[in-house]
Amino acid sequence: MRLSSQSLTRFSISSFHSYPNMPSGSNSLMWFRKGLRIHDNPSLEYAAKNSTQVYPVFVIDPHYMKPDPTAFSPGSKLAGLNRIRFLLESLVDLDSSLKKLGSRLLVLHGDPGDVVIRCLKEWDIKKLCFEYDTDPYYQALDAKVQSYAFENSIEVFSPVSHTLFNPVEIIQKNGGNPPMNCLSFSKVAGEPHWLSSSLFTSLSMIPPVGDVRNLEVSDVPTVKQLGYEDTQEEEPPIFKGGESEALRRLKESTKDKEWVAKFEKPNTDPSAFLRPATTMLSPYLKFGCLSSRYMYQCIKEIEKEFKNHTSPPVSLLGQLFWRDFFYTVGFGTPNFDHMRGNKICRQIPWNNDDELLAAWRDARTGFPWIDAIMVQLQKWGWIHHLARHSVACFLTRGDLFIHWEKGRDVFERLLVDSDWAINNGNWLWLSCSSFFYQYHRIYSPVSFGKKYDPTGAYIRHFLPVLKDMPKEYIYEPWTAPLSIQTKANCIIGKDYPKPIISHETASKECKGRMAAAYELNKEKNGMVSDEDLQNLRTRVKDQSQVTGSRRLKQKRPNQITCRRLSSHVWATQAGFHPDPPSSPPATTGCGHPATTTITRPNKQSQGFYGSLSVVSVTPPPLPPPSSFTVVVVSSPMVSTPNQWYDFLEQLATGLRRHRSTSSYPDLREQTPQWNQPNTLNRYLFSSFADSRASRSRVKDSQEPKDEHDDVWLLLKEGQPHKFLGCLQYIMYLEVWTQLDHQTVMVMKMNDIVNGNSSSFMWWNKNPVTLRGKIAINRYHWLHILDALNNQWLQV
DNA sequence: CCCTCCGTTGACAAC
DNA sequence: GGTTGTCAACGGAGG
Ligand SMILES: Cc1cc2nc3c(=O)[nH]c(=O)nc-3n(C[C@H](O)[C@H](O)[C@H](O)COP(=O)(O)OP(=O)(O)OC[C@H]3O[C@@H](n4cnc5c(N)ncnc54)[C@H](O)[C@@H]3O)c2cc1C
């Protein structure tokens, strides 16, 4: 952790095309690209070893200063000012660190491939060292330089130090393809081999820089010298490039150890701008001012101190996994940065609408939340991850239906942390083109921000024109009455634009298009032609045709009719009908009509219907006290309507087997009600409560907040639980509660969405084990009741 | 082929 | 952010 505690342990490095036995007394070239740091820099360390002279070089590629053809606005360069400023600051810092080690940074200009090859020639280099890089830009460059080096017997040393793991290795280990989700990525990756090595090397001196001869070498230029207008920076500056600042900020971020250990990315606040909710280390990681491996070690160290720290993918460590994940997938996927020719990318007929695109890019959408984010992006060069989600979703699948590549380009130019693999990967993600496919989950340009920042402080800060808009209207200023707009000095349509689209209709339309596009991709097995896309585009334009031509998925009816046979069996068992009736009655023993319908619940959104255990109770022999038996029927996890349907049908026809029986003492008091033959006593109780009640009970230490809705069932280890009361909904409970009976019954269900939450797991894992407290909701109750009625009455 | 499980981050309404 | 269930509605991995 501490910078001063440099150890002599050498970090083990993997090398590419390295020639192990180097002649000593030679010139080395240390080619900096990313990895603008001294710490954890195996290439620099290697260059410094056994060399008489080391030339540390950075080449500025004028390509990045070319105008961005997609930016429309004059003077916009491919790389935004903020990023270039960050880079130059980082170079200055690097230079000064090198100077402390007796060296300095040589800055050259031109096509890096050509320049480096000229350096190799001119300076008689024997050893070329640079950090391995997976970006296509560097892959192409490196291939060129390496082949020159190979022909001229120059040793090339190119270790992996930008990422935690070696993407090449991960892909190999995974059988030739990159893992496609975070979990499988971390499984394949395992523990990094350098976990307990010291990443601070023993560099105390770097051999001197040799004569630069005929090459034009400069100091680190200013942004102006690179052709940028040096406009006013934010005050105080948001970032300051460089390793020293990176390490300082890392220390700062990790000072609050608990914050690090409890970090949960999805719960961080995108609207926080006074003190942003995440580390803001991304630019430092992007340029390698900060080693991701060192950051990893620091976090790991902190996590050791906390028992219940969070875990990937949501933890802070998990964020670094995501970074590696995208690097790996980006490296292993041809055409990763395009839709066409990209195997993992859904082919979607995005619209071409430069006006909408420009409105989005220039913060003129008329949605303050979106526009404020775009302003922050321009000013700061950094926005929170969820803010990126908001605007990326808005541009692509959520509202404007514009190609993610266009948004990617804007981000690439404006983000200080803009990073080829991460940027493209996340745009693929957000546009539902890959990795993530739930295109119906759309961020609202109104509600999403409101959730975090109800008063709109974030909007007021970045869109001062709206600063006096009352908070009721700040997210939807077009709904403000004119008098209020006047008072707020902001007339919508004049001082601030009207919304360019209606979110409601636009998002609906987007969903439809996504559905159609997905269907097309499935149909064509991913081999979608330009023509197909064009067809779809025109087809989608005509709404009526879309619905008309959409092939409906085969659907099973969501209602089935079951015939209730008779109450004979049940009633006989109950001792209520000593003489079975000769013909099936018109109603069931419970008074239901002889036929009934079962409506399928339509729980599709999360992909689960929930698991269900049903208990029936055999009729207790009377008089009590005695014991009676609880029978549990458990369902499989059902995840489709049809499965649910099948399950109910099985219950109804008795095909579903009982899984277990247990006996419980019957502690009920004898009451007249239970002794009456033919009365409607069901031994199944709707222990009914909002499941929040059961949830709130899950933590044993916690006292329930609201007993009114709460139900405790008394099935622990054969011992009745104490019944705390649930009065509201179902008569039986009331009766029992009033009588202070111990009661039995079980129904469980539903864990569903949060099935991974440990407090719920036991339900899922042991649906037939009777313990704990159970509550069901009305919805399920109806279905269970229905199913059981059928089951009981079946011969 | 079907199934089962699972996936860092939705809106909204109802409770 | 109290939690839950619904919404026309997801795909990929692994058995
Ligand atoms: C559309 C879109 C585009 C993005 N483009 C970029 C980009 O060009 N460069 C970039 O670094 N991040 C990008 N991200 C990912 C993420 O938003 C940023 O890394 C993060 O917001 C940076 O802030 P932080 O350093 O405070 O993050 P923290 O939450 O503090 O995370 C620490 C580090 O983990 C890494 N990380 C975090 N989230 C991700 C992620 N989702 N994917 C990969 N790595 C991650 C970053 O290196 C980050 O610095 C993009 C996200 C989206 C949705």
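Each chain gets a letter, A, B and so on, in the order the sequences are listed, and its residues count up from 1.
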| task | Just call it for A:Q319: base, sugar-phosphate, or nothing, with non-hydrogen atoms closer than 4.0 Å on any strand. | result | base

| query | When you measure from the side chain of A:T310 to the backbone N and O of A:A261, does any donor-acceptor pair fall under 3.5 Å? | reply | yes

| Distance from A:L415 atom CG to A:S282 atom OG, nearest 0.5 Å? | 8.0 Å

| query | Counting side-chain heavy atoms from CB outward, which of C:dC10, B:dA11, B:dT8 is closest to A:F448? | reply | B:dA11

| Can you check the A:R441 CZ to C:dG11 C1' distance for me, whole Å? | 13 Å

| If we call it a pair only when both distances are under 3.5 Å in a Watson-Crick or G-U wobble match, what pairs with B:dT9? | none

| task | Compute whether any side-chain donor of one residue and acceptor of the other, for A:T396 and A:W350, lie under 3.5 angstrom apart. | result | no

| Hey, which of these two, A:R346 or A:K451, hits DNA chain C nearer its 5' end, going by closest nucleotide? | A:K451

| request: Rounded to the nearest angstrom, tell me the gap between atom CD in A:E523 and atom P in C:dG11. | output: 13 Å

| remark: note: A:F435, atom CZ; C:dG12, atom P; distance rounded to Å ~ 12 Å

| request: Check the distance between C:dG14's C1' and A:K187's NZ and give it to me in whole angstrom. | output: 10 Å

| query | Does C:dA8 pair with anything, Watson-Crick or G-U wobble, both distances under 3.5 Å, and if so, with which nucleotide? | reply | none

| message | Would you measure the distance from the P atom in B:dC6 across to the matching atom in C:dC7 and give it in whole Å? | response | 24 Å

| request: Could you check whether A:F436 gets within reach of a base, just the sugar-phosphate, or nothing at all, counting any heavy atom under 4.0 Å? | output: nothing

| From A:M514 CE over to A:Q438 CD, what is the distance, rounded to the nearest 0.5 angstrom? | 11.5 Å

| task | Using atom CZ of A:F394 as one end and atom C1' of B:dG10 as the other, report the distance to the nearest whole Å. | result | 16 Å

| field | Pairwise C1' distance, B:dT8 and C:dA8 [rounded to whole Å] | value | 27 Å

| request: Tell me which of A:N181 and A:Y452 sits closer to the 5' end of DNA chain C, going by the nucleotide each one is nearest to. | output: A:Y452

| query | A:Y439 OH to C:dG11 P: how many Å, rounded? | reply | 7 Å

| query | What nucleotide among B:dA11, C:dA13, C:dC10 has an atom nearest to a side-chain atom of A:S444? | reply | B:dA11

| field | side-chain N/O A:S447 vs B:dG10 OP1/OP2, d < 4.0 Å | value | no

| field | Between P of B:dT8 and CZ of A:R323, the distance in whole Å | value | 19 Å

Quiz: residues 270-278 of chain A side-chain donor-acceptor pairs under 3.5 angstrom, not counting sequence neighbours:
residue: A:S271; atom: OG; partner: A:D269; partner atom: OD1; Å: 2.7
residue: A:S271; atom: OG; partner: A:D269; partner atom: OD2; Å: 3.4

| said: In terms of relative ring orientation, are A:W369 and A:Y458 parallel, tilted or perpendicular, with 30° and 60° separating the classes? | reply: tilted

| query | Quantified in whole Å, what is the C1' atom distance between nucleotide B:dT9 and nucleotide C:dA13? | reply | 22 Å

| Of all the nucleotides listed (B:dG7, B:dA11, C:dG11), which has the minimum atom distance to the side chain of A:Y518? | C:dG11

| query | Among C:dA13, B:dT8, C:dA8, which nucleotide sits nearest the side chain of A:M180? | reply | C:dA13

| query | On a whole-Å scale, what distance lies between the C1' atoms belonging to B:dA11 and C:dG1? | reply | 14 Å

| How many Å lie between CZ on A:R388 and P on B:dT8, as a whole number? | 19 Å

